[in-house]
Amino acid sequence: MERSKQGEFKQSEKKDASANDSVINGHFEGMLIKPNKPVISEAIASESSSSHTSTAIESWREERTRSVEDNEMSLPSLAAAYTTILRGLGEDPQRQGLLKTPWRAATAMQFFTKGYQEKIIDVLNDAIFDEDHDEMVIVKDIDMFSMCEHHLVPIFGRVHIGYLPNKRVLGLSKLARIVEIYSRRLQVQERLTKQIAVAITEALQPAGVGVVIEATHMCMVMRGVQKMNSKTVTSTMLGVFREDPKTRDEFLTLIRS
């Protein structure tokens with residue numbers, strides 16, 4: 001009996017490991033192929049691939065976590081929270097300069113995090129085009145504003161995106177929209193970089209994607225170590241951008257030019 005349970009436990013472990021291998025930051029890789037992955041049979045591989053792609057699409061559709069109605073309902077409680085903060089700082093929320101500050105701050109915070117109200121699929125649905133183009137596409141110096149999830153202070157900088165099409169291209173402005181959706185949330189820069197790359201991969205199934213972010217974190221400038229000129233650079237490389245040094249070098253050279 002014990003041997004039977006041990007066997008079941010080992011099989012379960014293998015299944016969990018296999019599932020974890022196919023996930024990037026909570027997103028399935030979609031059609032990205034990993035080397036040295038054992039193939040049991042064509043039927044099982046096909047079924048597994050279909051399941052993973054379906055799950056990726058579903059997670060993409062269900063991204064929205066806040067609606068306009070939610071904003072209206074939560075605004076009074078957010079404003080009340082800011083009133084409490086003002087009192088905790090030793091201020092008088094009833095003095096003239098602060099009378100409307102809690103409502104202004106609450107409305108501003110909802111705008112800073114409006115990415116929770118948007119879904120990638122709504123942005124990209126009508127902007128993916130069949131095109132026989134297989135050379136690198138780059139949009140660089142995309143302005144980015146976000147909020148550090150640790151201190152609730154701004155992160156701002158520039159995003160550079162490149163991808164190698166696989167018979168499909170994306171409207172150029174939509175790359176900036178993807179940046180806007182993910183950056184207008186409480187973030188860490190490492191996660192933001194990967195989310196942008198994975199979203200493009202899921203949408204287009206390109207040969208590869210590269211994303212580089214250069215940003216200033218006010219939690220390092222205004223507080224803590226207070227290093228005025230510090231910048232944080234993060235990158236995510238998927239597909240041929242990770243596997244082929246020449247492709248990666250071409251992308252990095254072009255975004256620096």
Side-chain angles (χ1 to χ4, degrees), residues 25-27 58-125 141-159 161 173-199 211 213-232 234:
N25 197 36
H27 295 260
E58 285 305 310
S59 68
W60 198 20
R61 291 180 186 278
E62 298 302 324
E63 266 181 344
R64 184 182 293 124
T65 58
R66 199 175 81 203
S67 66
V68 175
E69 292 75 16
D70 291 333
N71 280 352
E72 294 174 356
M73 291 178 63
S74 64
L75 190 59
S77 59
L78 273 175
Y82 277 109
T83 299
T84 301
I85 290 172
L86 289 173
R87 287 200 183 98
L89 294 175
E91 269 289 357
D92 175 15
Q94 297 303 312
R95 72 177 176 85
Q96 186 180 20
L98 295 177
L99 276 176
K100 295 183 179 180
T101 295
W103 287 90
R104 292 191 189 105
T107 303
M109 184 57 75
Q110 287 182 339
F111 179 81
F112 296 154
T113 60
K114 66 187 179 73
Y116 291 120
Q117 299 169 220
E118 301 173 297
K119 292 197 297 185
I120 297 293
I121 196 167
D122 295 337
V123 172
L124 303 188
N125 253 351
D141 296 327
I142 302 170
D143 291 330
M144 178 275 296
F145 299 93
S146 191
M147 295 288 286
C148 167
E149 68 178 32
H150 301 142
H151 304 97
L152 299 185
V153 293
I155 303 169
F156 61 92
R158 299 179 299 168
V159 182
I161 299 173
S173 67
K174 303 307 179 183
L175 294 172
R177 289 292 303 276
I178 291 174
V179 172
E180 183 75 0
I181 288 174
Y182 283 118
S183 64
R184 292 293 188 174
R185 302 178 180 187
L186 302 183
Q187 281 286 11
V188 294
Q189 186 173 327
E190 297 87 343
R191 181 172 68 239
L192 173 60
T193 311
K194 188 165 286 187
Q195 284 178 331
I196 294 168
V198 171
V211 177
I213 298 181
E214 308 170 53
T216 298
H217 293 241
M218 296 310 289
C219 55
M220 286 186 65
V221 174
M222 292 179 65
R223 57 163 297 283
V225 292
Q226 299 182 52
K227 300 301 180 185
M228 298 296 293
N229 298 312
S230 65
K231 283 190 177 181
T232 301
T234 51

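The basis for the numbers below is simple: all heavy atoms, side chains too, and nothing from hydrogens, waters or symmetry mates. We're numbering straight along the sequence, starting at 1.
- Annotation: side chain of Leu98 is not in contact with side chain of Asp92 (no heavy-atom distance under 4.5 Å).
- Not counting sequence neighbours, the partners of Thr234 by the side-chain contact (heavy atoms from CB on, under 4.5 Å) test are Gln189, Glu190, Thr193, Ile213, Thr232.
- With rounding to the nearest 0.5 angstrom, the CG atom of Leu124 is 12.0 Å from the NZ atom of Lys119.
- Proximity of Met147 to Met109: side-chain heavy atoms (C-beta onward) are separated by under 4.5 Å at one or more points.
- In this structure, the separation between CG on Leu78 and CG on Asn71 is 8.5 Å, given to the nearest 0.5 Å.
- Here the closest heavy-atom approach between residue Ile178 and residue Ala199 is recorded as CG2-CB, 4.2 Å.
- If you take NZ on Lys227 and CE on Met220, they are separated by 8.5 Å, rounding to the nearest 0.5 Å.
- Here the closest non-hydrogen pair linking Ala106 and Ala79 is CB-N, 3.8 Å.
- Side-chain contact, Ser74 with Arg66: no donor N or O sits under 3.5 Å from an acceptor N or O.
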**Message:** With side-chain contact (heavy atoms from CB on, under 4.5 Å) as the criterion, how do Val159 and Leu192 come out once you've worked through the C-alpha distance, each side chain's angles and the decisive distance to 0.1 Å?
**Reply:** CA-CA 10 Å; Val159 182; Leu192 173 60; 5.8 Å; no

**Request:** Give the intermediate values and the outcome of salt bridge (Lys or Arg N to Asp or Glu O under 4.0 Å) for residues Glu118 and Arg184.
**Result:** CA-CA 10 Å; Glu118 301 173 297; Arg184 292 293 188 174; over 6 Å; no

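- Contact check for Trp103 versus Pro76: side-chain heavy atoms found under the 4.5 Å cut-off.
- The structure places CZ of Phe111 at 10.0 Å from CD of Gln117, a figure rounded to the nearest 0.5 Å.
- Between Glu149 and Arg185 there is no salt bridge, since none of the side-chain N atoms of the basic residue sits less than 4.0 Å from a carboxylate O of the acidic one.
- Side-chain contact between Pro93 and Thr101 is absent, with no heavy-atom pair separated by less than 4.5 Å.
- Looking only at side-chain heavy atoms (C-beta outward), Ile155 and Met144 come within less than 4.5 Å of each other.
- In plain terms, the two heavy atoms of Leu186 and Tyr116 that are nearest each other are N-OH, 3.2 Å.
- For Gln226, the CD atom is densely surrounded, since the number of other residues' heavy atoms within 6.0 Å is greater than 12.
- One distance of note links NZ of Lys231 with CG of Asn229; it measures 9.0 Å at 0.5 Å rounding.
- Taken from CD in Glu91 to OG1 in Thr83, the straight-line distance is 12.0 Å, to the nearest 0.5 Å.
- Proximity of Phe156 to Met218: side-chain heavy atoms (C-beta onward) are separated by under 4.5 Å at one or more points.
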